[in-house]
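Quick notes on the structure that follows.
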Amino acid sequence: MYDPAALLMIALGLLLAGAVILVALFCVYKLLDRVSRFVVFAALFISLFAISWVQGLATAPGASGDALLSMAAALNAFGQAALAFIGGNGFSLLPELPGAEATIAWASANAGALALHVVFELLSLLALALTAETVLNFFTNVSSWLSVHIDHFEQVVVVISSGDMTPCARAFALDAARGDSRPRAVFSIVREDSGDETYRLTSGDTTRTLSRESLRRRLADAVRLRATSRVDDGHVALVVFRNGRVTVTSYGKDDLPRRSVPAFVDSLMEGTADKSPVPPDDVYSYSLEEIKVRQLVCRLLPSPYDVEHTGVGLGLRPLVALVMGDDIERVVLTTAYLVRNGQALVKAHADGSIEASLPHIMIASHCADRIERRLRKSYPALFSADEPDGEPGAPALTPPATIDFFDSKFDMLDALSARAGDLVLVINTEPDLGRAPSLRNILQRRLQLRFPEVEPVFVQYDEVEKPGVAFEDSYGGRAGAALADTKQVLIYGSATESMQAARLLHKALDRMAMLVNLRYGTPAGAAKPNLFDPEQSAPFIPEALRAWRDCDAYGRDSSRATADYSPVERLLWVRGFDELPSFGHGENSDEALREAIGHLEHLRWNAYLVTTGYRPRQWDTLPERYEAALAENARLANPRPVQQVFKEQTVDPRVREHVALVDWKLLPKLDALFERMARETGTYQELLEAGRLKPNQQKDRDIIDDLIS
């Protein structure tokens, strides 16, 4: 026989243990990982089993010890504990007694048994709650697994944003989630200044708000499965919106070891690439203003895939740009991109000879002095013509553009000179706040009076209006089409348009830039991708990706600049000069086109280098520096190849100098200097075989074979 007092002590002990377990589970259960949660479930089951067994002892006092410990009693307690997890025991304030009724009088006489019953009921409720949460999490995870497997996300994109940049991040996330043909999984984390965080998953047109743990699990599933996606570019992109900038870190599609997934996911959610176990394929960053200016330039340039679409004519017609505004960064960026993409050719003489037409950019601003200072400090070679003597031994360089500064818009108009066929852009880099009469109308009237043969294109910055071409009448209203009294207005600057995933993730631009980089490194005679035929170039993408990973930041940015401008050169090659506004009928032989486009490519390359801060490198001490570098290299334990030493002397990225940054007509003199240096140092044959002594003008003419044909 069991002693009732002993049973009461057991019940009280279990009551205290159950209370401690109940409070502890409520406090820490949500913080536990999966293994720890399993331990909690096991402890809860054992507790319920023990309580059920003790209750059996209390309700059968006449039974023998052997009977209570029999298999039947153990199975009954086991069943009661299991039923508690699915709510099968029912819930009652007082226990059910065999052959008797549990009354208040009974409860007062049997406080231990009542307490034991209460603990059992509380633990049963807790077991049912934990079971319900487990089932809900199971179906949520199944839904996540199915969505990742069935949708085959083209990309996994993680968006980290500070609170002040939430509108831009949200516009990007919505556009990125729709994708071009297959949906992307976009995981968004918004961090407020207060420390609060919001987690969202967007796919297609559906956005769901999740907990941090749920988003982390879904992100881990998507990362594990991205390598099995049946698309070429199923990579992971980390896009961080912070401090007015957008930084994109791209990770390739290579398989990720399973043990590295948690650390990789944590680095993505923190928005840091330096702690990632996976090295990134590419990292690039733009300010919001630069993204908007790039958006504008893409509209001005010809289409890369349609030779009939010449855009507004940038690169095809002599450029005269009137840039107005007091936002210093926006004006400087606009100027730099116009210089970089505004190079053109014209037939200057009756004999059909072709000459360069350099952009003329006029800036009117209340901050003209500060803008000029910023441009001079950032791009000193833009103003080398203002320094009559220049540096001793430095070759001559005609600046790739002429830039004038004015405090007044009307002083700028009075100084303007334009001809028929010129591309005249009137760019207002600030929102139009509605003057009467409008500034555009005043400018148009004065331009019509002075240059009736010129048809200017007005470019208007507007953060709200939908980007595109609008036709504005003389009263400032909008017309549906071009009429006799309307002017063409190109709207740009919308955050929604600027945050398009195709622009920020560089899907189209980087594809072409990677192919540019690949074609430059492909030997003559080998198969090359066609930059302007996505279907033909698709098989080359894996190889282009591998070459892109080995490319430094300068190589990537220069390849993007080439990809931006190459449609101009391709259009000239395909259509010839006859159909362009700045040319009459002339010679369109392959030789003449190669010469002209080679000259244009050198102008573009010069403009690109100048707008990245490069200056011409001195020639007078170049042979001595090369000979000294060769001697120093020979003393190294592992000497570098001669062609590498040669390149280090011709270009120095640290101080931003390049010996080939000269006018087209000076390139043969540079070639002669290179040949003399090679012969005097005994490296001629080695450099010749490495292609380092190829004439510089010929390198530019070969743009046709390297990129276009």
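For clarity, every value in this text was computed on a predicted model and none was experimentally measured.
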### Message
Run the salt bridge (charged side-chain N to carboxylate O under 4.0 Å, His left out) test on Asp706 and Lys699 for me, step by step, so that the C-alpha distance in whole Å, both residues' side-chain angles and the decisive distance to 0.1 Å come before the verdict.
### Response
CA-CA 9 Å; Asp706 289 339; Lys699 291 180 183 178; over 6 Å; no

Just checking, [X] and [Y]: is the charged tip under 6.0 Å from the six-membered ring centre and within 45° of the axis?
| X | Y | value |
| --- | --- | --- |
| Arg299 | Tyr492 | no |
| Arg560 | Tyr284 | yes |
| Arg340 | Tyr565 | no |

Contact between [X] and [Y] at the side-chain level, heavy atoms closer than 4.5 Å - yes or no?
| X | Y | answer |
| --- | --- | --- |
| Met514 | Cys551 | no |
| Phe646 | Met677 | yes |
| Val312 | Leu314 | no |
| Val457 | Val424 | no |

Does atom [atom1] ([X]) have a neighbourhood of more than 12 heavy atoms from anything else shown, all under 6.0 Å?
| X | atom1 | answer |
| --- | --- | --- |
| Glu455 | CD | no |
| Lys665 | NZ | no |
| Glu543 | CD | no |
| Glu453 | CD | yes |

### Message
Quiz question: by atom type and distance under 3.5 Å, do the side chains of Asp663 and His602 form a donor-acceptor pair?
### Response
no

### Message
As a test of understanding, state which of Lys647, Arg615, Arg617 forms a salt bridge (charged side-chain N to carboxylate O under 4.0 Å, His left out) with Asp652.
### Response
Arg617

### Message
Among Thr429, Val297, Val459, which residue satisfies the side chain to side chain contact (heavy atoms under 4.5 Å, CB included) criterion with Thr334?
### Response
Thr429

### Message
When you measure from the side chain of Glu569 to the backbone of Leu600, do you find a donor-acceptor pair of N or O atoms at a distance under 3.5 Å?
### Response
no

### Task
May I have the step-by-step check of salt bridge (charged side-chain N to carboxylate O under 4.0 Å, His left out) for Glu675 and Arg679, ending in yes or no?
CA-CA 6 Å; Glu675 182 176 345; Arg679 292 189 184 280; 3.1 Å; yes

### Message
Before you tell me yes or no, could you show the steps for Arg604 and Glu601 under salt bridge (charged side-chain N to carboxylate O under 4.0 Å, His left out), namely the whole-Å CA-CA distance, both residues' side-chain angles and the distance that decides it to 0.1 Å?
### Response
CA-CA 5 Å; Arg604 180 209 67 81; Glu601 168 62 14; 2.9 Å; yes

